[in-house]
Amino acid sequence: MGIETNSLAAPFAQEPVVITHEDVDRAHDRARVQAARSRGGMSSRLRLLWLLAGPGVLVMLGENDGPSMLSYAATGAKFGIGFFLPFIVLTFVMAIVVQEMTVRLAAATQRGHAELIFERFGPFWGWFAMIDLSIGNFLTLITEFIAIRAGLGFFGVPPWAAVLASLALLYTALMTHRYWTWERITLAIAAGNLIFIPIALMAHPAWHSVGHAFIAWKPLPGGLNKDVLLIVLADIGATVTPWMLFFQQSATVDKGLTKRDVGFGHFDTVLGATLAAATAVATVLVTTLLFKHGMSADNFQAGEFAQALQPLIGRLGASLFALGMVEAGMVACVTISTSSAYAFGEVASRPHSLNLPLSEGKAFYTVLFACAALAAAIVLIPGLPLVYVVLIVNVIAVLAMPPALIFLFILVNDKELMGSSISPRWANVLASTVVIALTGAGILFGISVLAPNFFASLGGK
Amino acid sequence: MMKPTAHDSPDLAEQNLVLSTLEPNQLAAAKKNRVPRRQLKGPELVALWGLRVYLLFMIAVVIYQAWTGAH
């Protein structure tokens with residue numbers, strides 16, 4: 001399996017243990033965690049947070065991806081802030097409820113999500129989960145390159161150059177062959193997502209209206225109808241999607257978090273959700289300017305949002321907005337293609353870790369890069385209805401979420417797997433609420449498509 | 001836990017580091033041991049099949065919406 005195939009008698013097992021490069025790299029990371037933990041005090045806790053945070057922040061900022069930022073931008077431009085600011089914050093609370101479970105599951109089992117489903121429930125159900133994930137991830141990857149292409153297009157970069165540059169960056173991050181280095185590079189890029197916050201300040205939002213939106217939480221603008229429900233579902237899909245379950249569980253295992261680190265894993269998740277929610281709200285605040293000025297944003301792409309905003313927030317603000325779209329697409333390219341590669345490795349029983357040298361992880365790295373390259377190539381096809389594709393992909397992500405959550409729900413309530421980390425009752429109540437809410441939102445969307453007059457008869461438009 | 005000793009060779013030191021810092025189920029070799037299979041029970045199967053039908057139906061709705069939108 002590994003290039004270091006030394007066997008030795010472990011103190012905790014009768015059989016010889018095979019040590020691989022992957023184990024050695026992870027052991028170095030864990031040694032730093034143990035050293036920080038042994039010191040005690042506040043500085044030790046901060047050091048532990050620095051060492052143990054990562055998957056949660058990455059998954060949340062990674063989900064603030066190209067299609068998500070476009071959904072938030074379309075939300076502000078079409079509906080303003082009234083209903084949607086508190087709604088978006090609520091979707092991030094849902095994301096915390098869901099992702100928290102993956103941290104516990106990872107620490108308790110030290111297994112990725114895909115391999116747990118395959119091995120625990122058998123290949124029949126495993127393939128369902130994998131097909132959902134593969135299709136969802138590939139469609140989402142296409143939309144990430146749409147965002148990158150459109151964002152760089154604002155600066156006059158031709159599509160082929162935008163796509164090649166992003167693939168080169170993805171390749172560079174992968175060639176470190178070290179989870180820790182990969183995570184820190186990706187986190188540094190992900191921090192660029194916060195750029196939407198200063199842009200929002202440039203837009204000089206009416207803070208009393210923002211405060212009022214959170215306190216009063218106005219009902220849906222225009223009542224329930226197809227357009228509103230499409231945006232509602234797109235905003236939910238911008239926050240909770242199946243790839244996040246697979247990615248955070250696998251990344252937590254790859255990073256080496258144990259049951260003792262779960263508290264830090266939870267903090268990592270909440271921190272990521274807070275940062276991502278602040279960015280999402282900031283994006284809505286910026287594009288609310290378009291709503292106030294009565295500008296239609298029906299067919300805007302990332303670059304067109306930036307162009308439309310330029311007279312309102314200046315060239316600098318518009319340029320930062322376009323760059324933010326590029327960053328959002330880039331980080332998600334890295335995390336989503338990694339999620340696909342983890343799942344492939346887990347299901348195919350091939351080595352799957354970012355600590356693997358190329359010689360040991362050829363299949364893992366090939367899948368990771370090939371997924372991204374194929375999605376990038378599709379984006380270069382001329383005439384694709386890009387914005388519509390983006391919204392539909394987010395909707396599909398929401399629809400695929402309840403089946404994925406049921407697997408997670410069953411796994412975290414499996415006493416044999418989880419032991420003392422089994423889900424408490426409050427977590428089950430919250431998770432059930434999320435499943436019901438997501439399924440209900442999907443059904444309402446279906447009704448709005450199949451029977452558009454149904455909501456009008458109830459008082460909607 | 002096994003402790004690294006001063007006269008260990010670098011390789012042995014790394015092996016000792018692995019054994020002293022990683023839990024047994026964190027070793028790459030441990031992942032070869034399969035998680036035991038579990039039969040899904042009545043309510044779980046109902047939920048899984050119900051949501052599978054829901055997903056297929058809703059995907060058809062999305063395709064219908066895309067088709068009507070394009071025309």
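Residue numbering restarts at 1 for every chain, and letters A, B, ... go by the order of the sequence lines.
- For A:Asp29, the salt bridge (charged side-chain N to carboxylate O under 4.0 Å, His left out) partners two or more places apart in sequence, or in a different chain, are A:Arg32, A:Arg178.
- For the pair B:Pro36 and A:Glu119, the minimum side-chain heavy-atom distance is 4.5 Å or more.
- In this structure, NZ in B:Lys31 is found 7.0 Å from CZ in A:Arg111, a value given to the nearest 0.5 Å.
- Residues A:Phe118 and B:Val35 fail the side-chain proximity criterion, which asks for heavy atoms closer than 4.5 Å.
- To the nearest 0.5 Å, atom CD1 of residue B:Ile59 and atom CD1 of residue A:Ile396 are 5.0 Å apart.
- With a threshold of 4.5 angstrom between heavy atoms, A:Arg120 approaches chain B through its backbone and through its side chain.
- Heavy atoms closer than 4.5 Å to chain B are found in the backbone of A:Leu257, but not in its side chain.
- Separation of atoms OG (A:Ser448) and CD (B:Gln65) is listed at 7.0 Å; rounding is to 0.5 Å.
- In this structure, chain B has a heavy atom under 4.5 Å from the side chain of A:Val395, while its backbone stays farther away.
- Taking the salt bridge (charged side-chain N to carboxylate O under 4.0 Å, His left out) definition, one finds that A:Arg26 meets it with A:Glu22, A:Asp254, sequence neighbours left out.
- Of the two parts of A:Leu438, only the backbone, made up of N, CA, C and O, holds a non-hydrogen atom closer than 4.5 Å to a non-hydrogen atom of chain B.
- Using a 4.5 Å cut-off on side-chain heavy atoms (C-beta onward), B:Leu22 and A:Arg30 make contact.
- Using a 4.5 Å heavy-atom cut-off against chain B, the contacting residues of residues 122-129 of chain A are A:Gly122, A:Pro123, A:Phe124, A:Trp125, A:Phe128.
- Every side-chain contact (heavy atoms from CB on, under 4.5 Å) that A:Ile131 has, sequence neighbours left out, goes to A:Ile135.
- The CZ atom of B:Arg38 sits 5.0 Å away from the CG atom of A:Asp414 when rounded to the nearest 0.5 Å.
- Heavy-atom pairs under 4.5 Å with chain B peak, among A:Gly112, A:Gly442, A:Ser353, at A:Gly442.
- Taking the side chain as every heavy atom from C-beta outward, A:Leu399 and B:Val61 never approach each other to under 4.5 Å.
- You'll find the side chain of B:Arg34 stays beyond 4.5 Å of the side chain of A:Glu115, heavy atoms only.
- Only the side chain of A:Val253 has a heavy atom closer than 4.5 Å to any heavy atom of chain B.
- The part of A:Ala108 that comes within reach of chain B is its backbone (N, CA, C, O), which places non-hydrogen atoms under 4.5 angstrom from that chain.
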